[in-house]
Structure formats: structure tokens, C-alpha cells
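Working notes, beginning with the structure itself.
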Amino acid sequence: MTRVPQALRRPAAVIGLALLLMQIALIVLAPIISPYSPMEADPAASLQPPSMAHWFGTDITGMDVLSRVIHATRINLLISVSSVALAFVVGVPLGLVIGYYRGWLSGLAMRIFDFVQAFPIFVLGMALVSVTGQEIWNVAIVLAVLFIPIFARLIRAEVLSLRERPFVAAARCSGAGDLDIMFRHILPNALMPAMVQVSISIGMAILLTAGLSFIGAGVRMPTPEWGLMVSTGAQQMILGVWWVSLFPGLAIVVAVLCFALLGDVVRDLLDPSRARKTKAPAGVALPVPGPVPGTLGESR
Amino acid sequence: MLAAFRSRWDSLPRALQIVLGRLALVIPQMFGVLLVTFFLIRLLPGDPAILLLGNMATPDAVAQLRDRLGLNDSVWTQFVSYVGNVLHGDLGVSIFTSNPVTVDLMERAPATLELIFYAMILTVVIGVVIAVVSVVRAGGPVDVASRIYGLAAGAIPDFWIGLLLIYFFFTLLGWAAAPFGRIDAMMSPPPYVTGFLTIDSLVAGDLETFWSAVGRLLLPVLTIAIVNAGALMKMTQSIFAGVWRSDFVRHARACGVPERVIIRAALRNSLPPIITMIGFLVGFLLGAAVLVETIFSWGGLGQYAVQAVMNSDYPALQGFILVASAFILVVYLVVDILYELVDPRIRV
């Protein structure tokens with residue numbers, strides 16, 4: 001049967017997916033659909049209000065705001081998605097190990113996570129980016145470092161309860177080694193909250209990247225980046241030049257909203273009460289259903 | 001020995017146990033903060049002395065600072081001397097302002113604290129009121145609006161909404177005060193008492209300055225509250241809804257207790273997690289203040305930190321991180337203590 005799952009038919013899911021597709025299209029087609037070059041200054045056309053020639057107007061150096069907003073989708077999503085991917089790739093195994101082996105080292109790691117997470121993420125990000133150098137990749141790496149504790153913690157919490165389940169004991173009795181138990185039996189069952197978190201974190205990463213660039217601790221001019229574009233328009237906003245800052249800001253809102261909505265979609269798709277209806281992948285132990293399925297997502 | 005200590009400890013009043021237990025935890029945390037700020041500068045490629053003095057420094061000055069920081073000694077000796085300096089209130093000299101960082105920070109702290117203080121109050125009022133109304137009148141217009149707001153608030157960049165507010169309320173409508181600093185440039189600030197211009201001007205009996213300060217506070221406070229109240233609202237909603245469904249509420253309603261009294265009792269019961277959330281909120285607000293202060297030329301810690309980043313002013317940045325972290329640790333300490341005091345069911 002090729003029916004569309006229930007979770008994908010809710011209006012929020014449709015909007016979220018449509019926005020995602022739109023952004024992917026913008027990323028792929030950026031050079032074709034943007035009317036001007038995103039980095040070409042035209043002093044003669046400085047600060048033009050939106051018109052037929054420039055739909056979103058031009059900024060102080062005469063660069064076309066629409067073209068820059070379109071091209072910035074690439075940089076912003078590249079940074080956010082790669083930082084979250086990196087945090088996921090490092091954080092998930094880390095959380096798995098910390099949850100599985102519970103020695104003093106695990107305790108220490110948790111204290112360090114507590115410590116990192118206690119700080120305002122933006123202040124810490126700002127300090128780290130300015131210290132490591134203001135390059136695109138440094139922003140991504142710093143964000144990844146800040147997100148690692150989130151993933152490790154989520155996985156650890158799941159592992160702590162899963163490792164006491166009978167199916168783990170069963171696997172151990174049938175001779176499975178630690179690595180086997182961790183990655184083949186526990187991990188697939190522990191991933192759900194982390195998967196939902198991926199989408200939410202991408203939204204957070206977009207906001208943080210934009211904020212960092214806004215204060216000048218991130219991507220630099222003339223690279224098209226949303227936060228940077230808002231900041232180039234910030235001085236003129238008070239004089240009534242609203243278009244330079246408005247449109248990139250809207251792009252941020254749309255992008256973050258998109259990933260927030262997708263987070264809900266992922267949760268609905270992976271919800272255990274729905275997942276049980278579909279066939280379980282071979283070789284994966286199904287979790288014993290909890291007393292109240294569906295509260296899993298609520299409690300986080 | 002241990003048993004004697006144990007019985008002495010148990011005989012202490014509960015509140016004192018809570019406070020002492022928490023204070024003991026702060027010391028290793030503060031130590032961690034010092035470690036982080038110390039290594040922050042040493043992460044940088046290059047000579048820390050040159051980084052701390054700036055590119056214009058003379059070789060003599062560099063040699064002198066190398067000596068003072070003990071850069072020729074081992075890392076641990078360096079760390080000890082750094083901790084010693086910090087304990088004496090010496091955070092180095094800002095490259096950009098050439099003032100001692102401690103002086104700079106002390107000068108700017110009240111501006112940020114005042115901003116965060118009022119932003120906090122507004123955030124809590126907005127968040128809790130919307131949450132309570134949306135739960136009590138489930139399905140009503142406030143409930144629907146709260147869902148849209150909850151989704152949107154998490155997606156709006158604070159620096160952007162601040163600019164939009166300036167555009168609408170200052171440039172277009174002319175209702176709000178200009179986004180340049182804490183009071184009108186023509187006015188002289190009231191004599192220093194608390195550092196809060198709103199309080200100091202009232203103490204000095206200067207109503208004109210007071211209204212100017214209030215006017216200047218309006219937009220930045222609103223900016224921070226709009227963005228941050230969403231998270232608090234969602235959290236409060238889920239906690240309060242849980243309490244609202246509980247048996248004691250149903251019982252109270254069956255007994256004919258007026259709605260207002262029930263709401264108050266239910267709110268009292270959802271207070272502990274909300275207090276924790278508010279503690280975390282202070283951290284978020286401090287982060288938000290960095291961006292919002294820049295937009296409103298607020299002249300507080302946040303703007304100082306941004307300038308430090310832009311000018312590669314590492315002593316200032318280091319000092320800011322240290323002070324901001326210490327401030328947040330103190331807030332968490334207070335929150336933890338409050339949490340345990342508010343909920344007598346928690347055992348120490």
C-alpha cells in the first residue's frame with residue numbers, strides 16, 4: 001500500500017514539508033532564479049525601495065536584497081544542518097557509551113554537560129567563535145560543540161532505561177558483545193527523541209548563526225547571510241528603510257518555523273503507538289510498549 | 001567523627017541545610033568557570049600576552065605582561081596566578097577602552113541588570129497569564145492565539161523583532177522614545193544609588209528623568225519579553241494543565257470553591273517547575289540582552305561584549321564571560337534554594 005501516513009496529512013505537516021521543499025528548491029536553483037548577482041555592489045542603485053526591478057529593494061551598497069536572501073539560504077542551511085549533523089554524529093555515540101557504562105568517567109562527562117548547558121548558549125557561542133576565528137566552518141563547529149550535550153543527554157536518558165529491559169538481557173544471554181548490544185539492540189530503540197531534536201536543533205542553529213553574524217561574530221560581508229543582512233539594514237531601519245532588514249528576517253522566521261513544524265512531523269511519524277502498526281525492521285528488537293504510549297513525546 | 005557531623009547537620013534548620021548544601025556546590029562550579037575563561041585565551045593561536053595587550057603593544061610591555069602572567073612557567077602556575085588575580089578583582093585592562101575591565105564591567109552592569117529585571121517581570125506576566133487563561137478557557141480565543149504565538153515566538157529572531165518595533169513605534173508612529181541609550185541625551189542621570197535609573201530618579205524625586213528612563217526601557221523590554229515569553233508560556237501551560245486535571249482541583253470544584261481560589265491553588269502547585277524555568281530564563285535573557293542592547297545602544301554589559309568581539313578585545317571578553325557566568329551561577333543558586341523552599345515535599 002502506498003498510502004500517505006496520517007502524520008504527513010496534517011496541515012502543519014503539509015506546510016512544513018512545503019516550506020522545506022521550497023528551501024531546497026531555492027538552494028539548488030539559486031543562481032538561476034535570483035535576478036542579480038548576490039555580491040555585486042551597484043552604488044548607483046543604493047537603498048532603492050522595492051520595485052519591479054528590485055522586488056525586495058536594494059541595500060546601502062546597491063546589492064539586490066532578493067538575490068541575497070535567496071543565496072543566503074545556502075549558507076544558512078549549510079551551517080545549521082552541518083552543525084547539527086556533526087553534533088548528532090558525535091553526541092549520539094557519546095550518550096550511548098555514557099549511558100551504557102556507568103563509571104566515574106560517565107559521571108564526569110555528565111557534569112561537564114551540565115556545566116556547558118548552564119551557560120547562555122548565545123554568549124558561549126559568541127566567545128568561542130570570536131576566539132576560534134570568524135569563519136563559516138568555525139561557526140558550524142562551535143554550534144556543534146554546543147549541541148553535543150543535548151543529543152548525548154537525550155540518548156543517555158533512553159539508554160538508562162533500555163539497558164534494564166529484558167530484550168537486552170536476552171541479547172546478552174545469546175552471546176552478544178557490548179558493542180553489539182549498544183549499537184544493534186539499544187541504539188535503534190533510543191533514537192526517537194534525538195531524531196525529533198534534530199529538526200528542533202536545526203531551527204535553533206539557524207537563529208544562533210543569524211544572531212552571531214548580526215553582532216559581527218560570524219560570517220562576514222559580502223557573503224550573503226540572513227543575520228548579516230539584517231544587521232546591514234539595522235542602521236537605516238530608524239530612517240524608514242525597512243526593506244533591507246525585513247526580508248532576510250522573514251526568511252529566518254520561515255526557515256525556523258519550517259524545522260519546528262517538521263520536528264512535530266518526525267515525532268508523529270516515530271511515535272511508538274503508530275510505529276507498532278508498521279513492520280519492524282529485521283534484526284531490531286522492538287521496545288516493550290510503555291504503560292502509556294504517547295506520553296513519550298509530551299514529557300520532553 | 002562523621003556520625004557527629006551527620007547529627008549536627010540534621011539538627012540544623014531545613015532552610016539552612018538547603019542553603020549550605022547549595023553553596024558547597026557553587027565552589028567547584030565557579031572553579032570550572034575560571035578554568036573555562038582561562039583556557040579561552042590560551043586556545044588562541046599566538047602569544048596570549050600579545051593578544052591581551054593588542055597589536056600596538058611595545059615589546060617591553062609584552063615582556064612585562066608575560067612575566068606577570070607567568071607565561072614562562074607551567075600552565076598550572078599560570079592558572080593559579082590567574083585565579084589569584086581574579087580573586088583580587090583584577091581582570092586585566094581592556095585594549096579598546098584602556099580601562100581596567102573590572103571598572104568597565106561595574107559601570108555597565110546596572111544598565112543590563114535593569115533591562116533584564118523589567119524584561120523578566122514582563123516575560124513572566126505574559127507567559128503565566130496567557131498559559132493560565134488558555135488552560136482555564138480551553139478552546140477559547142486565547143487558547144488558539146497562544147498556540148500560534150507559541151509556535152511563532154520560538155522562530156522570531158530577537159534582533160529582528162527589535163528593529164521592527166523601532167520602525168513601527170518610533171519611525172512610523174512616533175510613540176516610542178528614540179532607541180539611543182537609557183535616558184534622553186539632554187538629561188543628566190540621577191545620583192547613583194542602585195544603578196537602576198528608574199529607581200534612582202524616583203529617589204532623587206526627578207520625575208522627568210523617570211519617565212524618560214521608562215520610555216527608553218519600553219521597546220527593549222518588550223522585544224525581549226515577546227521572544228522569551230513563548231517558551232515560558234508553553235512550559236507553564238503543560239505544567240498547569242496537569243495540575244488543572246488533578247483530583248484536588250476537581251474536588252475543590254465539586255465543593256463549590258470559587259474559580260479564582262482554585263486557580264490560585266493550582267498555580268501554587270505548579271510553582272516549583274516554573275521557578276526552575278524562570279531561572280533558566282535569566283540565562284536566555286542575558287543572551288538576548290547582548291543582541292538587544294546593541295540595537296538600542298544600551299551601553300550595558302551586552303554591548304560591551306559585542307564591542308569586545310568586534311575589536312578582538314580579549315581581556316574584556318574574558319571578563320564578560322567570567323562575570324556573566326558567575327551571575328548565572330548565582331541565579332541558579334537562588335533558584336535552586338527557592339525551589340526547595342517552595343516545595344516542602346523535597347528532601348535535602
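By convention in this document, chain letters (A, B, ...) are assigned in the order of the sequence lines, proteins followed by strands, and residues within each chain are numbered from 1.
Side-chain contact check for A:M110 versus A:R153: some heavy-atom pair is nearer than 4.5 Å. Two residues are said to be in side-chain contact when any heavy atoms from C-beta on lie closer than 4.5 Å; A:L86 and A:F147 fail this criterion. Looking at A:F122 and B:L286, their side chains never come closer than 4.5 Å, going by heavy atoms from C-beta outward.
A donor-acceptor pair under 3.5 Å is absent between the side-chain atoms of B:D104 and the main chain of B:A316, judged by distance alone.
Heavy-atom pairs under 4.5 Å with chain A peak, among B:V290, B:L151, B:L317, B:L291, at B:L291. Contacts with chain B were tallied for A:V123, A:V129, A:V241, A:I121; A:V123 has the most, counting heavy-atom pairs under 4.5 Å. Between chain B and the residues A:S245, A:G203, A:A255, the most heavy-atom pairs under 4.5 angstrom are made by A:S245. Counting heavy-atom pairs closer than 4.5 Å to chain B, the top residue among A:V254, A:V230, A:L124 is A:V230.
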Expected list for residues 206-217 of chain A: side-chain donor-acceptor pairs under 3.5 angstrom, two or more places apart:
from	atom 1	to	atom 2	distance (Å)
A:T209	OG1	A:A205	O	2.5
A:S213	OG	A:T209	O	3.0
A:S213	OG	A:E225	OE1	3.2

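For B:S238, no part lies under 4.5 angstrom from a heavy atom of chain A. Contacts of A:L239 with chain B are made by backbone atoms alone, with heavy-atom separations under 4.5 Å and no side-chain atom involved. Heavy-atom distances place no part of B:L329 under 4.5 Å from chain A, backbone and side chain included.
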